[in-house]
Amino acid sequence: MPISRLFRAAALATAVLGAGPALSADNYKIGYLVDSSGPAQGIFNPTLEGFKLYIDKVNAEGGVHGRQIEILSRDVQIDPQRSVLAAQELIAEGAISLAGLTLTSTHMPVYTAVSRQNVPIVAGFPANVGAILPPKASKGFYGVGLAFEITGEVGGQLAKTAVPDGKKFLCAVFESPGGFVACESAMAGALAAGFESAEMVTFPVAQRDFRAIGERIAQMKPDVVVTIIGRGRTKSFVPALAQAGYEGALLSMECGTGDDELIEVAEAAPKIDVFSYSRYVGKDQGSGEQYDALVKAAEAAGINPLAFHSGGWVLAMVLTDALERCGPDCTPEKLDGALEQTSLDTGGLTGAPVKFTSTDHYGPTASILLHYNRETKKLDRIGDWLQSDSTPKHYSMKR
Amino acid sequence: MNWQSFIFSTLGTAGVYATIALGVVLVYRTNKVLPFHVGALAMLSAYVMSDFWTAQTQTASALLMALATVAVLCAGFGYVMHLLVDRFGARYGHFVGTVITIAATTFLGGVMSLFWQGDVRRISFVEGNVTLFGTQYPADGLLVIAVSAAIIVGVLLAMRVTSIGVQMQAVAANARLAQLRSIPVRTVLLIVWIGSSLLAAAGGIFMATLSSVSLEGSAIGVSAIVAAVIGGLYSMPGAVIGAILLAVGESVVTQFANPRYSQVVPILMLVVLLAIRPSGLSGSAERIGRV
């Protein structure tokens, strides 16, 4: 086992245990819920890494209004009850805001439990629930990850760009509230984009052996398979699909898969045309002030910056920006007010600025389509950013 | 429906379950302890194997080093389990022994989480496909089926024709009587724990070759235990049949119903079996009477 991984694990464990910058009553405290030891740690840990990189940079530059930002992290895995208890504990410890969160199944329990305490929640990359979307965004609840109602539709649309002659669309997803919404909206988007049929295959969150599922999908002979399965599962899903004889296209929603993993499985599946689409850029996919700063900070920390890290970095940017506008005597209520007026250029990490209003706590987003190039062994950008507003089009019509 | 692929996939899964289930039967017969930790140990072994046997280090010496490391690790773990179960199980009863294996599961899960952080990996021994009767099969999958079959046959034969196998059966039948006949019971029990750990490791490496190694992959231990229970817990051939039935059930549900229900199959099979034949396919009911 590489020693560097052990050091990184120890560093992250230290962060999760709450030993961040020098502790002081004057610090801004941000509670962060993460899965650091459970089945989705591969998805949520890197986002915390990106978040921490930005906060470290801000603290090194003097903090906000002369005060340091302190991250109070809690490992809640993907357990709603642990998430609720940790959120209440963090608020009791003086957290001015909650950030991060894990699977969508934990979001509404946390929001419901703490909404009366007026502490704003900003859910991070990758999963956000529809309660942040207009016209009735829940008070105090924001998201800078993927609202699957929107990102799913985009997937259906981009599947047609990837496979213009495609007729049969299939969505594969693990079972979570967000996963179902993502696939249903992707199917609605695909049908609207011109696919003749759209089907869905679901499997339990803990599924790791995909051989029989691969066989089933290969028999259905779709032209494109959109996967919303996150990090880890892709490594066994795509080879299983290839072994079953599938030779169509695969479009991975970047909801915590990671370009590194996608490239690895693309090599193991030479007859599958691999695509990905993402709200956030990874290394070699962006340009701009914040992109450069993230790459520099990540490389200094020995991290290969992926979309996760961009997502965590932007989450920290949004909270820091709101704290700056909130003023030196910021309270959770005032911070909520500042978050509602967010309009932030992400400096090359996304294709659209982060914008919140009183009725829209998600804002416009943009997605970029990437195609695996077998010669260069890299994901190449195809076309420009595809812009979307925060209102589902086809999915809401279907509902 | 591609029947060849279906059978191939099912045989691979059955091979994994059966290999681990043999270890479960060994431990249960001799210690009366249900080893819940076998799934976690299987995944831990596969993680260790994947550290030594990577795409960059595929040489004969690397393979030997990887297998030797896994074997030493499993032998050490088996030794510790033997000590714990022997000390606490003998004092507080078999139930405590089973609780120790549950605690070991938690411990192994923590170790995997700390060192491999939920990483998902694959182990590959042979690249490419092999054509048999006009159908292409992944060479890795064929290797797993062949090696698991060899292990299963080897263990079944060893139980009948080797002196240690006969001694294990004697200890399983009546440990006190075996001791009176000069059979080194503690040594036999130690070998059982080490053997069971090695079988779990083999199953984990097979699963990592067929699919992947991950934290959640520890669930194969539950499937192996269910396979052993289906077989009656005392019978090794019964455990193999249980493994085949379980693998067929899971594959059929995934192919013809919905993949989401495949994880219900072990529980469903257990419930049905307990309803119609509580002692398992090859088991006999224990007679309990007042003295």
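Below, read A as the first sequence line, B as the second, and so on, with proteins coming before strands; counting in each chain starts at 1. Here the structure is a predicted model, which is why all the values come from computation and not from measurement. Note: hydrogens, waters and symmetry copies are ignored here, and every other heavy atom, side chains too, is used.
Taking all atoms of both residues into account, the shortest heavy-atom contact from A:A212 to B:Q255 is O-NE2, 3.4 Å. Across all non-hydrogen atoms, the minimal contact from B:L215 to A:Q41 is CD1-NE2, 3.2 Å.
Heavy-atom contacts from other residues, nucleotides or ligands closer than 6.0 Å to CE of A:M220 number more than 12. Counting non-hydrogen atoms of other residues, nucleotides and ligands closer than 6.0 Å to CD of B:Q136 gives a total above 12. Shown here is B:E127, whose CD atom has no more than 12 heavy atoms of other residues, nucleotides or ligands within 6.0 Å. Summarising the local packing, NZ of A:K168 is surrounded by more than 12 heavy atoms from other residues, nucleotides or ligands at distances under 6.0 Å. The environment of B:F107 atom CZ is sparse: at most 12 non-hydrogen atoms of other residues, nucleotides or ligands sit within 6.0 angstrom.
Heavy atoms of B:L210 lying under 4.5 Å from chain A belong to its backbone as well as its side chain. Of the two parts of B:M207, only the side chain, counted from C-beta on, holds a non-hydrogen atom closer than 4.5 Å to a non-hydrogen atom of chain A. In this structure, the portions of A:Q207 lying under 4.5 Å from any heavy atom of chain B include both its backbone and its side chain. The part of B:S262 that comes within reach of chain A is its side chain, from C-beta onward, which places non-hydrogen atoms under 4.5 angstrom from that chain.
With contacts defined as side-chain heavy-atom distances shorter than 4.5 Å, the pair A:V201/B:P259 qualifies.
No donor-acceptor pair under 3.5 Å is formed between the side chain of B:R122 and the backbone N or O of A:S236. Under a 3.5 Å cut-off, the side chain of A:K235 and the backbone N or O of B:V120 do form a donor-acceptor pair.
With rounding to the nearest 0.5 Å, the separation of OG in A:S37 from CD in B:Q117 is 11.0 Å. Note: B:S9 OG to A:D209 CG = 6.5 Å, rounded to the nearest 0.5 Å. Expressed to the nearest 0.5 Å, how far OG of B:S211 lies from CD of A:Q243 amounts to 9.5 Å. To the nearest 0.5 angstrom, B:S113 atom OG is 7.5 Å from A:D75 atom CG. The distance from atom CD of A:E215 to atom CZ of B:F8, rounded to the nearest 0.5 Å, is 9.5 Å. Between A:R233 atom CZ and B:E216 atom CD the span is 7.0 Å, to the nearest 0.5 Å.
Note: A:R216 leads A:E261, A:R216, A:E264 in heavy-atom pairs under 4.5 Å with chain B. Note on A:P239, A:A240, A:G38: by heavy-atom pairs under 4.5 Å with chain B, the leading option is A:P239. Of all the listed residues (A:T234, A:I213, A:T202), the one sharing the greatest number of non-hydrogen pairs under 4.5 Å with chain B is A:T202.
A side-chain donor from one of B:T13 and A:R211 sits under 3.5 Å from a side-chain acceptor of the other.
Salt bridge annotation for B:D119-A:R231: absent, with no cationic side-chain nitrogen under 4.0 angstrom from a carboxylate oxygen.
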